[in-house]
Amino acid sequence: MSPPFQTFVFLDLEATGLRDDRPRVTELCLVAVHRFSLEHPPGGGREGPRLPRVMDKISLCADPHKLVCQRALELSGLSNENLTENCKPAFDEVAVSLVNGFLQRQAPPVCLVAHNGFLYDFPLLRTELLRQDSDLPPGVFCADSYKALRDILWDPQTPQNHRGYSLAALYKRFYRRYPPVSHCAEADVSTLIAVFLSQASDLLAWADLNARPWESTPPMYNPSPRKPLRTSQEVQNGGTPKGQVKAVRSSQALGLG
Ligand code: DCM
Ligand code: MG
């Protein structure tokens with residue numbers, strides 16, 4: 001199915017590090033907003049932007065089975081320790097089916113939107129899906145709001161550097177305050193929706209023209225062959241497969257457990 005898109009699904013991932021670290025996902029949030037609500041926004045009050053009333057949301061934390069780097073921990077507040085303490089399973093086949101079921105509930109065609117998504121969130125999500133021998137449902141597209149807003153707001157008179165287009169900087173530009181929370185997947189998605197709403201008609205037109213088919217997203221890296229991971233069912237039963245015991249022990253040896 002081709003544009004115009006009927007549903008925009010805003011996405012943010014938290015992870016163990018940056019691209020070069022071969023990161024693993026620690027948190028995923030998806031919020032689906034119908035085009036109608038983006039074309040008829042609720043308006044803002046003195047207290048800040050108001051988001052559409054009708055939105056579907058999913059937010060999941062995941063054990064990354066990899067050391068969370070210090071900077072990622074400081075930013076996101078997610079650590080190997082607190083994810084383990086809260087018995088979070090890996091980004092496993094249950095997470096994949098939740099994401100796919102969520103997307104299938106939305107009015108098609110669906111376009112994912114992430115800030116810097118072409119370079120970070122989309123390739124990383126594709127890697128995590130490939131690790132589970134899976135992918136998104138057919139017909140999904142994706143658009144990068146960072147790239148879109150650079151195109152839309154570009155003014156040769158006042159060249160802005162890369163930082164001027166960060167999510168927090170754009171929110172400040174449009175709402176004259178910084179986002180109340182950053183680097184939590186759900187909070188970053190709320191900030192992204194608020195930013196999107198402030199430029200909605202241009203961004204909708206940009207997405208209809210420039211969104212890419214999901215299948216054209218290259219994975220961030222090729223996941224190594226699958227190791228036995230603790231599944232959601234095993235977490236529920238309190239069971240721990242042998243490989244996982246080893247991983248927990250080695251993280252204890254690293255001072256994580
Ligand atoms: N990240 C990082 N170092 C940075 C910025 C981000 O390791 N300087 C990683 C950890 C974050 C993830 O990127 O969980 C996603 O970033 P953001 O919170 O901006 O969405
Ligand atoms: Mg984030």
Side-chain angles (χ1 to χ4, degrees), residues 8-33 49 51 55 57-86 88-91 95 99 102 112-129 131 142-150 160-175 177-197 217-221 223 251 254 256:
F8 289 81
V9 175
F10 297 88
L11 158 72
D12 189 67
L13 300 178
E14 300 305 319
T16 57
L18 292 172
R19 277 183 74 94
D20 289 348
D21 306 326
R22 292 169 64 91
R24 298 291 313 270
V25 167
T26 52
E27 187 176 36
L28 163 146
C29 180
L30 298 174
V31 176
V33 187
L51 300 189
M55 302 196 290
K57 299 181 189 177
I58 183 173
S59 191
L60 302 172
C61 290
D63 180 341
H65 290 262
K66 182 174 181 125
L67 192 64
V68 179
C69 81
Q70 186 59 30
R71 183 69 184 135
L73 192 161
E74 285 163 9
L75 290 173
S76 73
L78 294 171
S79 63
N80 297 92
E81 192 178 25
N82 62 18
L83 291 165
T84 304
E85 282 168 350
N86 287 277
K88 288 297 135 188
F91 193 93
V99 167
F102 180 89
L112 297 178
V113 181
H115 205 66
N116 205 26
F118 286 158
L119 285 180
Y120 191 83
D121 303 73
F122 303 142
L124 178 52
L125 178 59
R126 193 114 203 261
T127 289
E128 293 287 9
L129 294 166
R131 198 187 296 281
C142 52
D144 185 335
S145 50
Y146 171 82
K147 189 164 174 20
L149 285 162
R150 280 202 81 127
Q160 297 259 357
N161 65 18
H162 168 81
R163 281 173 182 275
Y165 293 90
S166 73
L167 205 47
L170 288 163
Y171 185 94
K172 170 95 173 12
R173 178 166 171 175
F174 299 132
Y175 298 106
R177 70 189 78 181
Y178 281 107
V181 182
S182 290
H183 307 299
C184 154
E186 187 177 357
D188 285 352
V189 167
S190 295
T191 302
L192 175 56
I193 297 172
V195 165
F196 194 101
L197 283 172
T217 303
M220 187 178 279
Y221 58 91
S251 70
L254 284 164
L256 299 166

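Note that ligands are numbered from 1 as they come in the structure, with each ligand's atoms numbered from 1 the same way. Position 1 is the first residue of the sequence, and the numbers go up from there.
Residue K66 qualifies as enclosed at atom NZ: its count of foreign heavy atoms under 6.0 Å is above 12.
Residue-to-ligand polar distances keep T16 apart from ligand 1: every N/O pair is separated by 3.5 Å or more. Close N/O approach between C69 and ligand 1 is not found [any backbone or side-chain N/O within under 3.5 Å]. An N or O contact shorter than 3.5 Å links D12 to ligand 1 by distance.
Listed here is the closest heavy atom pair of T191 and Y171: CG2-CD1, 3.6 Å.
Using a 4.0 Å cutoff on heavy atoms, L13 counts as a contact of ligand 1.
Panel note: side chain H115, backbone Y165; a donor-acceptor pair is recorded below 3.5 Å. The backbone N or O of V25 lies less than 3.5 Å from a partner atom in the side chain of E128, making a donor-acceptor pair. Listed for the D21 side chain is a donor-acceptor partner under 3.5 Å among the backbone atoms of L18. Of the possible donor and acceptor atoms, none in the side chain of T26 sits under 3.5 Å from a partner among the backbone N and O of T16.
Residue nearest to atom 14 (O) of ligand 1, selected from Q70, E14, H183, E74: E14 (by heavy-atom distance). The closest non-hydrogen atom to atom 5 (C) of ligand 1, taken over D188, L75, V189, L78, comes from L75.
Summarising the geometry, atom NZ belonging to K88 is positioned 10.0 Å from atom CD belonging to E27; distances are rounded to the nearest 0.5 Å.
Closest to atom 13 (O) of ligand 1 among all protein heavy atoms lies Y120 OH, 3.2 Å. Taking atom 1 (N) of ligand 1 as the reference point, the nearest protein heavy-atom neighbour is L18 CD2, 3.5 Å.
Annotation: side-chain contact (heavy atoms from CB on, under 4.5 Å) contacts of S79 (sequence neighbours excluded): L73, E81, N82.
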Item to check | Criterion side-chain contact (heavy atoms from CB on, under 4.5 Å) on L78 and V68, from CA distance to verdict | outcome: CA-CA 8 Å; L78 294 171; V68 179; 5.8 Å; no

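Using cut-offs of 30° and 60° for the angle between ring planes, the F8 and F196 rings count as tilted.
Taking a cut-off of 2.8 Å, the protein N, O or S atoms nearer than that to the Mg ion (ligand 2) are D12 OD2, E14 OE2, D188 OD2.
Close approach of ligand 1 to A72 (heavy-atom distance below 4.0 Å) involves ligand atoms 7 (O), 10 (C).
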